[in-house]
Amino acid sequence: MIRRAKLLRGILSTNQSHSACSSNRSSCSRPGSGRAWVRPRGFDTGLKTFNSLTKQKEPLILSREGVATWYSCGPTVYDHAHLGHACSYVRFDILQRILSRYFGVTVIHAMVITDIDDKIIRRSWEENVSPFVIARMYEDEFKRDMLSLKVIPPAVYLRVTENVHHIVGFIERIIQNGHAYITKEGDVYFDIQSIGDRYGKFVGAVGSQGEPSSSDKRDQRDFALWKQSKPQEPYWESPWGRGRPGWHIECSTIASCVFGDQLDIHSGGIDLAFPHHENEIAQSEAHHQCRQWANYFLHSGHLHLKGSAEKMSKSLKNYITIKDFLQSHSANEFRMFCLLTKYRSAIDYSDSSMAEARSCLEIICNFMEAAQAYMKGQLLTAPVQEAVLWERLAEVKSSVLKSLADDFDTPKAVGALMNLVHHGNCQLQPIAMSDGAVRSPAVFGAMISYIREVLDVFGIDLLLSQESEASSSSGGLQSVVEQLTRFRSEVRAFALTRQDDPSSNKPGLHPDRIPLLRACDTLRDDLAPFGVLIKDRGASSTWEIRLDQTRRSTPHTDQEAGS
């Protein structure tokens, strides 16, 4: 169905998509006026998404058929990444996976790493370490955290410090176009008044305070493109003197270096909408002299600790680091936690919300185990209503697709999956005796495959999770082997108790206890191929776990020792 939809969509939009790029470029050749959003011309993906530029859902139309250019603001690397960061990056990772896997769109994702900033400089002074060392250390940690959460890396990470020369050139063009000015102190500010009524595309922008006031600023809303360096701060040379870039100009420059004057999607947390994204738009459109630089802005909701109205953030010191979180929870659980709310919504983090996410995964896993047991003939049930299950499966497939096409509605999609699991469980109620009725394993195989497929799109790998759990449970395995070996030793000690009976065919042993010794030998031998090596040393036994054990030698049995 999806393939046919893509084919039909492609036939209808072939000529349109070919002309889309030139159309968008022509719109960038002349400045426009006002804040009205211009609907792009090009390739309709078949889904709608909430566009912060219009405050409503809009058809997602891409400039190039089957390709989405996507830019996101990366972290400022001066401290550990926390769950607030994780929530935003995981949510957008899920959206990109959906766009790619369900709607056949290749996502070209670029992300900037802010590796020079006031906070980084302050941290370097506190630690008495170079700011570049601080930045690299936390950048590497951020990337490891993202991999731990199974976030697909962008096509490219770009650092601000490696693009300062591009930033200087970008600012020069804005000045030439009449939208920025240089102060006597060597700072460069964007001139808000020069763009008229085009400033204020996001809620809260109009009338909001800008950066800290300066006597050299023409308007309190004007923001810094270039800041003169202060003593003991890193600096770069520029036509306006030694200094470093302002925060907002970094993203505009680097996104333009990768994607040019037209961007399909820009994403970030809702707290970045103003002033950061607002200022990005202003300076990018001033540089490119275009009416609409980015067609869609997607913003994720804040993560709150339950009971707190404040977002999780470093400045408020109310955060949980990703590394600490993963000590007690899995990446799959966090992804399910994110899936259970819409990406635009604020989300409450608590023990109960994580328990809900874990419960959903357990219900799904338990169903899949029961379904596999049924397929193997290990679970006896009453005759399955096969036609009903096939019908439910088709309905759920349609529901999931519609939900994801409606602004990536993952809660509704997960709800449909859980409904399918419920109907499957209703058919898998065990019975004591089978009446020999015809079995229906194929439909359960189809259900398992589909559930795995959808969860895989969301970045949840249940098979990998089971392997990880097995690996992390080695401590529990050791406890089990310890108890088993202790029980076996007690049985051996009982069986090896001597008797004074000359008529016994095994002098010194109780004849009726010899089968116990054989059972002890058998248990020891059977465990060896699994890497559990039990060694009898006289009256006592020792054990070890060797996962690389693939074969065993012929053991010395207790029966031989007793003779």
Side-chain angles (χ1 to χ4, degrees), residues 326-330 332-333 355 358-359 361-381 428-434 462-563:
L326 290 174
Q327 294 296 317
S328 54
H329 298 87
S330 69
N332 282 347
E333 290 169 356
R358 184 183 300 113
S359 175
L361 289 173
E362 288 175 350
I363 290 170
I364 292 171
C365 289
N366 290 339
F367 163 72
M368 294 175 71
E369 290 172 1
Q372 288 174 331
Y374 175 84
M375 294 178 70
K376 295 175 183 178
Q378 299 170 345
L379 175 62
L380 301 180
T381 70
L428 290 175
Q429 298 303 310
I431 59 175
M433 297 291 293
S434 173
L462 296 180
L463 296 177
L464 181 62
S465 173
Q466 291 168 357
E467 290 177 3
S468 299
E469 288 174 4
S471 175
S472 64
S473 65
S474 60
L477 175 61
Q478 291 177 5
S479 298
V480 170
V481 173
E482 174 69 32
Q483 293 297 324
L484 180 63
T485 305
R486 184 179 301 168
F487 174 78
R488 179 179 175 277
S489 296
E490 292 175 358
V491 173
R492 283 184 68 244
F494 174 76
L496 289 171
T497 302
R498 299 279 174 169
Q499 67 165 351
D500 296 322
D501 185 357
S503 64
S504 174
N505 60 346
K506 292 288 184 181
L509 296 180
H510 291 272
D512 57 344
R513 300 182 186 179
I514 290 177
L516 293 177
L517 291 178
R518 293 198 185 102
C520 289
D521 290 343
T522 300
L523 176 62
R524 179 192 57 202
D525 298 345
D526 289 345
L527 289 175
F530 299 103
V532 178
L533 306 182
I534 299 176
K535 297 182 180 180
D536 296 319
R537 303 181 185 278
S540 63
S541 300
T542 61
W543 61 272
E544 64 176 317
I545 298 175
R546 291 180 55 186
L547 297 179
D548 61 343
Q549 180 77 11
T550 57
R551 65 175 183 269
R552 66 181 187 275
S553 59
T554 303
H556 186 66
T557 66
D558 285 320
Q559 296 176 67
E560 293 170 341
S563 63

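For reference, positions follow the sequence shown, starting with 1. Given the structure is predicted, the values throughout are model-derived calculations rather than measurements.
- For the pair Leu509 and Leu517, the minimum side-chain heavy-atom distance is below 4.5 Å.
- Remark: Cys520 SG to Phe494 CZ distance equals 11.5 Å, nearest 0.5 Å.
- At distances below 3.5 Å, not a single donor-acceptor pair connects side-chain atoms of Ser330 with backbone N or O atoms of Leu326.
- In terms of heavy atoms, Ala370 sits closest to Leu379 at O-CD2, 3.7 Å.
- The pair Arg524-Asp521 counts as a salt bridge, with a side-chain nitrogen and a carboxylate oxygen less than 4.0 angstrom apart.
- No side-chain donor-acceptor contact under 3.5 Å links Ser359 to the backbone of Ala355.
- Note that CG of Leu462 and CD of Glu369 are 10.0 Å apart. Values are rounded to the nearest 0.5 Å.
- Interatomic distance, Leu527 CG to Arg488 CZ, rounded to the nearest 0.5 Å: 8.5 Å.
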- After noting the C-alpha distance and the side-chain angles of Val532 and Leu484, does the key distance pass the side-chain contact (heavy atoms from CB on, under 4.5 Å) rule? CA-CA 11 Å; Val532 178; Leu484 180 63; over 6 Å; no
- Task: Verify salt bridge (Lys or Arg N to Asp or Glu O under 4.0 Å) between Glu362 and Arg358, making sure each step is shown before the conclusion.
- Result: CA-CA 6 Å; Glu362 288 175 350; Arg358 184 183 300 113; 5.0 Å; no
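- Atom CD1 in Ile545 sits 13.5 Å away from atom CZ in Phe530 (nearest 0.5 Å).
- Between Thr497 and Ala493, the shortest heavy-atom contact is OG1-O, 3.1 Å.
- Within the 4.5 Å cutoff, no side-chain heavy atoms of Gln429 are placed close to those of Thr381.
- With respect to Arg486 and Glu490, no salt bridge is recorded, no charged nitrogen being found less than 4.0 Å from a carboxylate O.
- Note that CD of Gln372 and CZ of Phe367 are 9.5 Å apart. Values are rounded to the nearest 0.5 Å.
- For the atom pair Leu533 CG and Thr485 OG1, the distance stands at 10.5 Å (nearest 0.5 Å).
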